[in-house]
Visitor: 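This is the structure, below, for whatever I ask next.
What you see below is based on every heavy atom in this structure, not just the backbone, and it leaves out hydrogens, waters and symmetry mates.
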Amino acid sequence: MDLDAQYLHNLYNSRQAKTYSDVSQLFEINYQKIFKLIPLIKQTAHSSVIRHSNHPDLHLIVDQCFAHTAIFTLTHIFQNDIHKPDIKFKIYFDAQLVEVLSVCNETVLNSDHPYLTQCSDMNIQWELNLFLEKWLDYCLDKYQGKSWQIL
C-alpha cells in the first residue's frame with residue numbers, strides 16, 4: 001500500500017466518525033464566513049458577481065429564496081461556461097447555519113475515493129462542508145471588501 005493509500009485508509013478507518021455536533025459546528029462556522037464574504041446575503045434576491053483584475057470573478061447565483069432559508073451557488077465561471085468549484089449551499093437564516101448541498105453537482109467530493117463506502121453520512125457532510133470552509137477562507141482572502149454587483 002503506497003503512502004497516499006495508507007493515509008486515506010487511516011483517515012477513514014482510524015478516526016472516530018463525525019457526529020452531528022461536529023458537523024453542526026462546521027455549519028455555524030460557514031454561516032459566519034458567508035456573512036463576512038457577502039454581508040447582505042439575506043437581502044440578496046438577484047445573482048451577483050465580484051469582478052477582480054487579478055483573480056477569477058466570483059459569482060453568487062440565487063437558486064431559491066424563502067423567508068427563513070435560501071439556496072445559492074458560489075462559483076467561478078471560466079471560458080466555455082465551466083463552473084468551478086460550483087458549491088451549492090443552503091442557508092438557514094433562523095438557525096444561523098450553512099449546509100453544502102453539492103460541489104460540482106455531486107453530493108460527494110470524490111466519487112472514486114477508495115474508502116468512500118466506509119464514510120458515514122456525517123463524514124460525507126463533514127468533508128463537503130470542510131471543503132466549503134477552506135474555500136471561503138480563500139475567497140475571504142482574495143475578495144473580502146470588494147463590491148458585489150448585480151448581474
Visitor: Checking D81 now: which residues fulfil side-chain hydrogen bond (donor to acceptor under 3.5 Å, both in side chains) with it, not counting sequence neighbours?
Guide: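 side-chain hydrogen bond (donor to acceptor under 3.5 Å, both in side chains) check on D81 returns H83.
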Visitor: Could you pull out the closest heavy-atom pair between F89 and L74, with the gap in Å?
Guide: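 Closest approach of F89 to L74, heavy atoms only: CE2-CB, 3.8 Å.
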Visitor: For the backbone of D57 and the side chain of H76, can you confirm whether one donor and one acceptor N or O come within less than 3.5 Å of each other?
Guide: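 Yes, the answer is positive, given that a donor and an acceptor are paired below the 3.5 Å cut-off.
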Visitor: Can you measure from CD (E133) to CG (L26) and round to the nearest 0.5 angstrom?
Guide: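 The CD atom of E133 sits 5.5 Å away from the CG atom of L26.
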Visitor: Hydrophobic clustering (ILVMFWY, side-chain heavy atoms < 4.5 Å, transitive) - are I34 and Y143 grouped together?
Guide: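 Looking at the clustering, I34 is in the same group as Y143.
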Visitor: Would you compute the distance between atom CD of Q125 and atom OH of Y20 and round it to the nearest 0.5 angstrom?
Guide: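 If we round to the nearest 0.5 Å, Q125:CD and Y20:OH are 9.5 Å apart.
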Visitor: With a cut-off of 6.0 Å (strictly less than), are more than 12 heavy atoms of other residues, nucleotides or ligands near NE2 of H52?
Guide: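 Counting neighbours around NE2 of H52, more than 12 heavy atoms of other residues, nucleotides or ligands fall under 6.0 Å, so yes.
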Visitor: How far does OG of S48 sit from CZ of F72, to the nearest 0.5 angstrom?
Guide: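 Interatomic distance, S48 OG to F72 CZ, rounded to 0.5 Å: 9.0 Å.
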Visitor: To the closest 0.5 Å, what do you measure between CG (L136) and CD (Q32)?
Guide: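 If I round to the nearest 0.5 Å, the distance is 11.5 Å.
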Visitor: Check for me, please, whether I61 and L128 land in the same ILVMFWY cluster - side-chain distances under 4.5 Å, paths through other members count.
Guide: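 No, it is not one cluster - the side chains of I61 and L128 are not joined through contacts under 4.5 Å.
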Visitor: Taking the side chain as every heavy atom from C-beta outward, state whether L58 and L37 have any atom pair closer than 4.5 Å.
Guide: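 They are in side-chain contact.
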Visitor: Check whether W148 and W135 end up in the same hydrophobic cluster, where Ile, Leu, Val, Met, Phe, Trp and Tyr are linked by side-chain heavy atoms less than 4.5 Å apart.
Guide: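 Looking at the clustering, W135 is in the same group as W148.
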Visitor: Could you check if a side-chain atom of E99 sits within less than 4.5 angstrom of a side-chain atom of L97, using non-hydrogen atoms only?
Guide: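 Counting from C-beta outward, E99 and L97 never come under 4.5 Å.
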Visitor: If only atom types and distance count, is the side chain of N129 paired as donor or acceptor with the main-chain N or O of F27 below 3.5 Å?
Guide: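 Not confirmed, N129 side chain does not pair with F27 backbone.
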Visitor: Looking only at atom types and distance, does a side-chain atom of S47 sit under 3.5 Å from a main-chain N or O of V62, one as donor and one as acceptor?
Guide: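 Yes; at least one donor-acceptor contact below 3.5 Å.
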Visitor: Quick one, L151 and H59 - any side-chain contact, counting heavy atoms below 4.5 Å?
Guide: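 Yes - at least one pair of side-chain heavy atoms lies under 4.5 Å apart.
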Visitor: What distance separates T44 OG1 from K42 NZ, expressed to the nearest 0.5 Å?
Guide: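 So the OG1 of T44 and the NZ of K42 are separated by 12.0 Å.
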Visitor: Taking C-beta and beyond as the side chain, do K33 and L140 meet within less than 4.5 Å on heavy atoms?
Guide: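 The answer is yes; the side chains approach within 4.5 Å.
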Visitor: I'd like to know if F78 and L60 are part of one continuous hydrophobic network [Ile/Leu/Val/Met/Phe/Trp/Tyr, side-chain heavy atoms within less than 4.5 Å].
Guide: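 As far as the 4.5 Å side-chain criterion goes, F78 and L60 are not connected within one cluster.
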Visitor: Would a single hydrophobic cluster contain both Y31 and I29, if residues Ile, Leu, Val, Met, Phe, Trp and Tyr are joined by side-chain heavy-atom contacts under 4.5 Å?
Guide: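 No, I29 and Y31 fall in different hydrophobic clusters.
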Visitor: I need the Q43 CD to C65 SG distance, nearest 0.5 Å.
Guide: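 Those atoms lie 10.5 Å apart.
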Visitor: Please report the closest heavy-atom contact between K84 and T75, naming both atoms and the distance.
Guide: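 Nearest heavy atoms, K84 then T75: N-OG1, 3.2 Å.
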Visitor: Could you check N30, I38, I41 and say which one makes a side chain to side chain contact (heavy atoms under 4.5 Å, CB included) with I91?
Guide: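 Single pass found, and it is I41.
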